[in-house]
Participant: 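The structure that follows is given in the form of structure tokens.
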Amino acid sequence: MRLSHAFIPTLKETPNEAQIASHRLMLRAGLVRQTSAGIYAWLPLGLRVLRNIERIVREEQDGAGAQEILMPTIQPAELWKESGRYEDYGKEMLRIRDRHERDMLYGPTNEEMVTDLFRQSVKSYRELPQILYHIQWKFRDEVRPRFGVMRGREFLMKDAYSFDLDHAGAVASYRKMMLAYMRTFQRMGLKAIPMEADTGPIGGDLSHEFIILAPTGESQVYYDAAFEEIDYLSAGAGGFSHEKPEDLARFFQEMTTHYAATDEKHDTARWDQVTAERKREGRGIEVGHIFYFGTKYTKSMGATVAGPDGKQVHPEMGSYGIGVSRLVGAVIEASHDDAGIIWPDSIAPFKAAILNLKIGDAACDALCEQLYAAFGGNALYDDRTDRAGAKFADADLMGHPWQIVVGPRGAAAGKVELKRRATGERVEVTPAEALSRIG
RNA sequence: CGGAGCGUAGCGCAGCCUGGUAGCGCAUCAGUCUGGGGGACUGGAGGUCGUGGGUUCGAAUCCCGCCGCUCCGACCA
């Protein structure tokens with residue numbers, strides 16, 4: 001993408017409404033624009049990040065055996081009346097009436113709908129387990145939307161739902177999803193800590209929230225250094241496979257024996273048993289939440305399958321959410337400096353920015369065009385006529401992992417300057433060398 | 001939902017108290033010079049002062065209603 005003609009409206013000053021770092025930077029770098037309280041339009045740069053996060057989430061869900069579907073945003077009220085949540089959900093649910101005076105709603109979540117889909121078609125225990133997921137916009141009419149996309153009213157969420165014949169199966173599904181989550185966050189360059197969470201009115205002992213560390217997080221968290229040391233992506237010895245029950249058991253053991261708690265659930269007695277050099281604490285942002293809730297919906301909505309003995313049983317369910325749009329903000333909270341965003345390579349909107357410091361200089365132009373072509377569209381070429389300083393400032397603001405700086409001095413000698421955004425380190429290299437380093 | 005604040009050009013703000021010409025910086029457009037960390041100069045364009053009503057000869061300014069947005073607290077992917 002050529003910056004001179006890109007719809008990337010960067011701002012020199014911070015809009016008054018943006019208070020926290022991610023919100024400020026998302027507006028300044030031209031990722032989003034607000035259209036109402038808690039509702040945002042995604043512009044090219046922001047959308048590319050959102051899609052990258054989606055891609056990683058999707059790959060990890062698929063890898064764990066979940067199947068992607070896409071349920072609608074608008075749902076009929078009847079389903080929610082069946083489960084009893086039409087009344088319980090209260091004013092957070094956006095209720096709509098269509099032209100036939102039918103009660104509809106903009107989905108805040110999809111347990112009812114997925115249970116309905118399931119009960120229509122799955123009739124035998126032989127078809128279990130099933131894990132279905134989708135990545136879809138949700139609407140929750142929050143009393144107080146804030147922090148930009150971190151607490152929006154309309155937000156993009158990956159929600160998965162597991163159906164198993166019995167409790168043991170549900171636990172296995174839960175563990176698979178938990179592993180998928182840890183892998184997902186690691187791939188995004190985030191340190192995520194799973195914390196035991198309240199299960200609410202449903203009860204049960206299986207609910208975890210996933211907290212990523214960021215200085216501006218909303219809650220204080222305490223955890224064992226072990227969570228930082230585990231490599232969830234490793235496939236070899238010591239790694240974890242979704243396929244092997246013993247791996248999942250060992251993984252779950254790891255996740256639940258090391259200490260991790262938010263300040264509400266902080267247990268100072270247990271914390272004291274963690275040795276000093278392994279104690280970690282900081283601020284955290286919740287980016288995912290998983291639940292096991294058994295037969296709550298399959299019972300209330302009459303979903304049954306035939307068991308091995310021919311009798312009808314209510315499958316056991318779990319649900320698993322990742323706040324996809326929230327992650328964009330959360331990553332920025334976890335990774336920025338005074339100059340702007342610092343994208344992890346895996347979700348950066350572009351692999352690199354190419355800064356042409358002297359548009360019109362034959363050597364600079366030719367070199368930049370050649371580099372730009374080599375990226376096949378996966379680079380942002382700053383071909384504006386602005387001065388160098390403005391280009392540096394915008395590139396830092398937008399947070400491209402790499403900057404390839406092409407100036408007249410270097411271009412004449414066939415050299416470019418390669419800057420790593422995260423460290424600020426710069427080296428002078430040949431264009432070919434720059435390309436191979438960026439990979 | 002309780003408490004507080006804000007709405008004037010794309011963004012950041014002043015003007016309001018004490019009513020009378022709508023202003024500044026940045027951005028933007030044209031031109032000249034410049035050219036490695038948000039340049040300089042010259043000239044332009046851009047505003048129903050959130051909205052409806054009231055007071056007044058006259059309202060951005062005073063009064064009332066409404067709408068929108070933000071912040072703090074309780075709740076949430």
Side-chain angles (χ1 to χ4, degrees), chain A residues 9-20 23-24 27-28 30 33-39 53 57 89-93 107-111 133 135-160 181 184-185 192 197-198 200 207-212 218-219 264 285-291 319-330 338-340 355-361 364 382 384-398 403 405-411 415-417 419 424 426 428:
Chain A
T10 57
L11 261 28
K12 217 164 166 180
E13 283 170 293
T14 303
N16 182 252
E17 71 268 17
Q19 298 300 318
I20 62 159
H23 193 194
R24 282 200 307 267
L27 291 171
R28 287 231 293 131
R33 284 289 112 104
Q34 180 166 347
T35 63
S36 321
I39 305 181
I53 293 176
V57 168
Y89 220 91
K91 300 188 85 170
E92 289 221 333
M93 182 189 281
T109 177
N110 287 65
E111 280 83 1
Y133 78 98
I135 299 175
Q136 177 65 291
W137 292 91
K138 304 287 186 292
F139 194 92
R140 294 184 191 172
D141 203 354
E142 294 272 348
V143 210
R144 193 185 156 205
R146 67 188 123 162
F147 305 148
V149 300
M150 299 244 290
R151 172 86 51 90
R153 291 194 295 170
E154 187 180 59
F155 57 97
L156 188 60
M157 178 163 112
K158 185 287 299 181
D159 39 326
Y181 274 37
T184 301
F185 298 128
D198 282 323
S207 175
H208 286 85
E209 51 186 35
F210 296 80
I211 306 273
I212 65 145
E218 15 189 9
S219 47
E264 304 102 64
I285 300 170
E286 183 181 353
V287 292
H289 203 150
I290 61 179
F291 302 88
S319 76
Y320 315 88
I322 290 180
V324 176
S325 50
R326 170 180 283 190
L327 269 166
V328 179
D338 289 344
L355 311 192
N356 186 338
L357 296 194
K358 191 162 188 180
I359 297 287
D361 177 279
C364 286
D382 193 342
R384 298 174 302 176
T385 52
D386 296 53
R387 296 167 67 88
K391 298 191 180 195
F392 291 130
D394 270 344
D396 286 348
L397 174 63
M398 289 186 253
Q403 294 170 20
V405 181
V406 181
R409 284 203 305 264
K415 291 286 182 69
V416 300
E417 188 177 281
K419 174 179 165 184
R426 310 162 186 226
E428 196 168 69

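Sequence lines set the chain letters: A, B, ... in the order given, protein chains first and strands last, and positions in each chain run from 1. Note that this is a predicted model, so its numbers are computed, not measured.
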Participant: Starting at CZ of A:Arg384 and ending at P of B:rG38, how long is that distance when rounded to a whole Å?
Facilitator: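 Between P of B:rG38 and CZ of A:Arg384: 14 Å.
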Participant: Atom CZ of A:Phe139 and atom C1' of B:rA77: how far apart are they, to the nearest Å?
Facilitator: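 Rounding to the nearest Å, CZ of A:Phe139 and C1' of B:rA77 are 15 Å apart.
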Participant: Are A:Asp386 and A:Lys391 ion-paired here, with the side-chain N under 4.0 Å from a carboxylate O?
Facilitator: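 Salt bridge flag = no for A:Lys391 with A:Asp386.
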Participant: Provide the Watson-Crick or G-U wobble partner of B:rA30, both distances under 3.5 Å; none if there is no partner.
Facilitator: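 B:rA30 is paired, partner B:rU42.
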Participant: Separation of A:Ile322 atom CD1 from B:rA77 atom P, in whole Å?
Facilitator: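 Going from A:Ile322 (CD1) to B:rA77 (P), I get 13 Å.
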Participant: I need the A:Thr109 OG1 to A:Lys138 NZ distance, nearest 0.5 Å.
Facilitator: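 Answer rounded to 0.5 Å: 6.5 Å.
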Participant: Using a heavy-atom cut-off of 4.0 Å across all strands, would you classify A:Arg426 as base, sugar-phosphate, or nothing?
Facilitator: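 Here A:Arg426 touches the bases of the nucleic acid.
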Participant: Across the strands shown, which category fits A:Gly389 at heavy-atom distances under 4.0 angstrom: base, sugar-phosphate, nothing?
Facilitator: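 Since only primed, P, OP1 and OP2 atoms lie under 4.0 Å of A:Gly389, the category is sugar-phosphate.
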Participant: Look at the aromatic rings of A:His289 and A:Phe291 and report parallel, tilted or perpendicular, splitting at 30° and 60°.
Facilitator: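 Because their plane-to-plane angle is under 30°, the rings of A:His289 and A:Phe291 count as parallel.
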Participant: Please report the distance separating the C1' of B:rC16 from the corresponding atom of B:rC63, rounded so that it comes out in whole Å.
Facilitator: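 Rounded to whole Å, the distance is 14 Å.
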Participant: Give me the distance, rounded to whole Å, that separates B:rC57 from B:rG19 when you measure between the C1' atoms they each carry.
Facilitator: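 Per the computed distance, 12 Å lies between those C1' atoms.
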Participant: Contact class for A:Lys138 (heavy atom, under 4.0 Å): base, sugar-phosphate, or nothing?
Facilitator: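 The answer is nothing, as A:Lys138 stays clear of every strand by at least 4.0 Å.
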Participant: Counting only Watson-Crick or G-U wobble pairs whose two distances fall under 3.5 Å, which nucleotide matches B:rC13?
Facilitator: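 Pairing partner: B:rG23.
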Participant: Holding to salt bridge (Lys or Arg N to Asp or Glu O under 4.0 Å), I want the full list of residues that pass it with A:Glu218, two or more places apart in sequence or in another chain.
Facilitator: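 For A:Glu218 the salt bridge (Lys or Arg N to Asp or Glu O under 4.0 Å) partners, ignoring immediate neighbours, are A:Arg151.
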Participant: Under 4.0 Å, heavy atoms only, any strand: does A:Gly360 hit a base, just the sugar-phosphate, or nothing?
Facilitator: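 Nothing: the residue A:Gly360, judged by heavy atoms under 4.0 Å, touches no strand.
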Participant: Please state how far atom CD1 in A:Ile211 lies from atom C1' in B:rA77, giving the value in whole angstrom units.
Facilitator: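 It is 11 Å, rounded to the nearest whole Å.
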Participant: Please work out if A:Thr109 contacts a base, only the sugar-phosphate, or nothing of the nucleic acid, heavy-atom cut-off 4.0 Å.
Facilitator: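 Contact class for A:Thr109: none.
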Participant: I'd like the C1' distance from B:rU56 over to B:rC66, given in whole Å.
Facilitator: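 To the nearest whole Å, 23 Å.
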Participant: Reading RNA chain B from 5' onward, which residue's closest nucleotide shows up sooner: A:Lys391 or A:Thr35?
Facilitator: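 Result: A:Lys391.
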Participant: Considering every strand and a 4.0 Å limit on heavy-atom distances, what is the contact class for A:Val324: base, sugar-phosphate, or nothing?
Facilitator: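 Nothing: the residue A:Val324, judged by heavy atoms under 4.0 Å, touches no strand.
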Participant: Indicate, with a heavy-atom threshold strictly under 4.0 Å, whether A:Gly407 touches base, sugar-phosphate, or nothing.
Facilitator: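 Answer is base: heavy atoms of A:Gly407 come under 4.0 Å of a base.
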Participant: Verify the contact: side-chain N or O of A:Gln34 to OP1 or OP2 of B:rU70, cut-off strictly under 4.0 Å; return yes or no.
Facilitator: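 For A:Gln34, the contact criterion (side-chain N or O under 4.0 Å from OP1 or OP2 of B:rU70) is met.
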Participant: Could you tell me how far B:rG39 sits from B:rU48 if I compare only their C1' atoms? Round to whole Å.
Facilitator: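 So the two C1' atoms sit 37 Å from each other.
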Participant: Between the protein and nucleotides 3-7 of chain B, which nitrogen or oxygen pairs come in under 3.5 angstrom?
Facilitator:
none

Participant: Under the rule for ring-ring contact (aromatic ring centres under 6.0 Å, His included), what residues qualify as partners of A:Phe392, not counting sequence neighbours?
Facilitator: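 Result, ring-ring contact (aromatic ring centres under 6.0 Å, His included) vs A:Phe392: none returned.
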Participant: Walk along nucleotides 71-76 of chain B from 5' to 3' and tag each nucleotide B, S or - by protein heavy-atom contact under 4.0 Å, base first, then sugar-phosphate.
Facilitator: BBBBBB
Participant: How many angstroms lie between atom CG of A:Asp382 and atom CG of A:Leu357, to the nearest 0.5 angstrom?
Facilitator: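 Going from the CG atom of A:Asp382 to the CG atom of A:Leu357 covers 9.0 Å.
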Participant: Just jot down the salt bridge (Lys or Arg N to Asp or Glu O under 4.0 Å) partners of A:Glu111, sequence neighbours excluded, or say none.
Facilitator: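 By the salt bridge (Lys or Arg N to Asp or Glu O under 4.0 Å) rule, A:Glu111 matches A:Arg85.
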Participant: What distance, rounded to whole Å, do you find between the two C1' atoms, one in B:rG50 and one in B:rG58?
Facilitator: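 These two C1' atoms come out 23 Å apart once rounded.
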Participant: Which residues pass the side chain to side chain contact (heavy atoms under 4.5 Å, CB included) test with A:Arg24, sequence neighbours left out?
Facilitator: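 Partners of A:Arg24 by the side chain to side chain contact (heavy atoms under 4.5 Å, CB included) criterion, ordered by chain and then number, come out as A:Thr14, A:Ala18, A:Ala21.
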Participant: Roughly how many Å apart are B:rC71 and B:rC29, using the C1' atom of each and rounding to a whole number?
Facilitator: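 About 38 Å, rounded to a whole number of Å.
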Participant: Between protein and nucleotides 22-35 of chain B, map the contacts as a letter string: B base, S sugar-phosphate only, - none, heavy atoms under 4.0 Å, written 5' to 3'.
Facilitator: ---BSS------BB
Participant: Not counting sequence neighbours, which residues clear side-chain hydrogen bond (donor to acceptor under 3.5 Å, both in side chains) with A:Gln136? List them please.
Facilitator: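 side-chain hydrogen bond (donor to acceptor under 3.5 Å, both in side chains) check on A:Gln136 returns nothing, list empty.
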Participant: Just jot down the salt bridge (Lys or Arg N to Asp or Glu O under 4.0 Å) partners of A:Asp361, sequence neighbours excluded, or say none.
Facilitator: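 Testing A:Asp361 for salt bridge (Lys or Arg N to Asp or Glu O under 4.0 Å), a comparison that skips the adjacent residues, returns none.
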Participant: If you look at every heavy atom in A:Arg153 and A:Ala37, which pair is closest and at what distance?
Facilitator: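 Closest approach of A:Arg153 to A:Ala37: NE-O, 2.8 Å.
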Participant: Say we look at B:rC1 and B:rA22: how far apart would their C1' atoms be, to the nearest angstrom?
Facilitator: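 That atom pair is separated by 40 Å.
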Participant: If we take the P atom in both B:rG31 and B:rC13, what is their distance in whole Å?
Facilitator: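 Straight-line distance between the two P atoms is 33 Å.
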Participant: Rounded to whole angstroms, how far apart are CG on A:Leu11 and P on B:rC13?
Facilitator: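 So the CG-P distance, A:Leu11 to B:rC13, works out to 12 Å.
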Participant: Under the side-chain hydrogen bond (donor to acceptor under 3.5 Å, both in side chains) test, which residues partner A:Lys419, sequence neighbours left out?
Facilitator: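 For A:Lys419 the side-chain hydrogen bond (donor to acceptor under 3.5 Å, both in side chains) partners, ignoring immediate neighbours, are A:Asp396.
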Participant: Can you list everything that forms a ring-ring contact (aromatic ring centres under 6.0 Å, His included) with A:Tyr89? Sequence neighbours excluded, please.
Facilitator: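 A:Tyr89 satisfies ring-ring contact (aromatic ring centres under 6.0 Å, His included) with A:Trp80 once adjacent residues are dropped.
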Participant: Does B:rA77 have A:Phe155 stacked on its base, where the ring centres are within less than 5.5 Å and the planes differ by under 30°?
Facilitator: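 Per 5.5 Å and 30° rule: yes, stacked.
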Participant: For A:Glu417, check salt bridge (Lys or Arg N to Asp or Glu O under 4.0 Å) against everything at least two apart and list the hits.
Facilitator: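 Residues passing salt bridge (Lys or Arg N to Asp or Glu O under 4.0 Å) with A:Glu417: A:Arg426.
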Participant: Starting from C1' on B:rG37, measure out to CZ on A:Arg409 and report it in whole angstrom.
Facilitator: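 Distance check: A:Arg409 CZ to B:rG37 C1' gives 13 Å.
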Participant: Looking at B:rG5, which nucleotide sits across from it as a Watson-Crick or G-U wobble partner, both distances under 3.5 angstrom, or is there none?
Facilitator: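 Paired with B:rC69.
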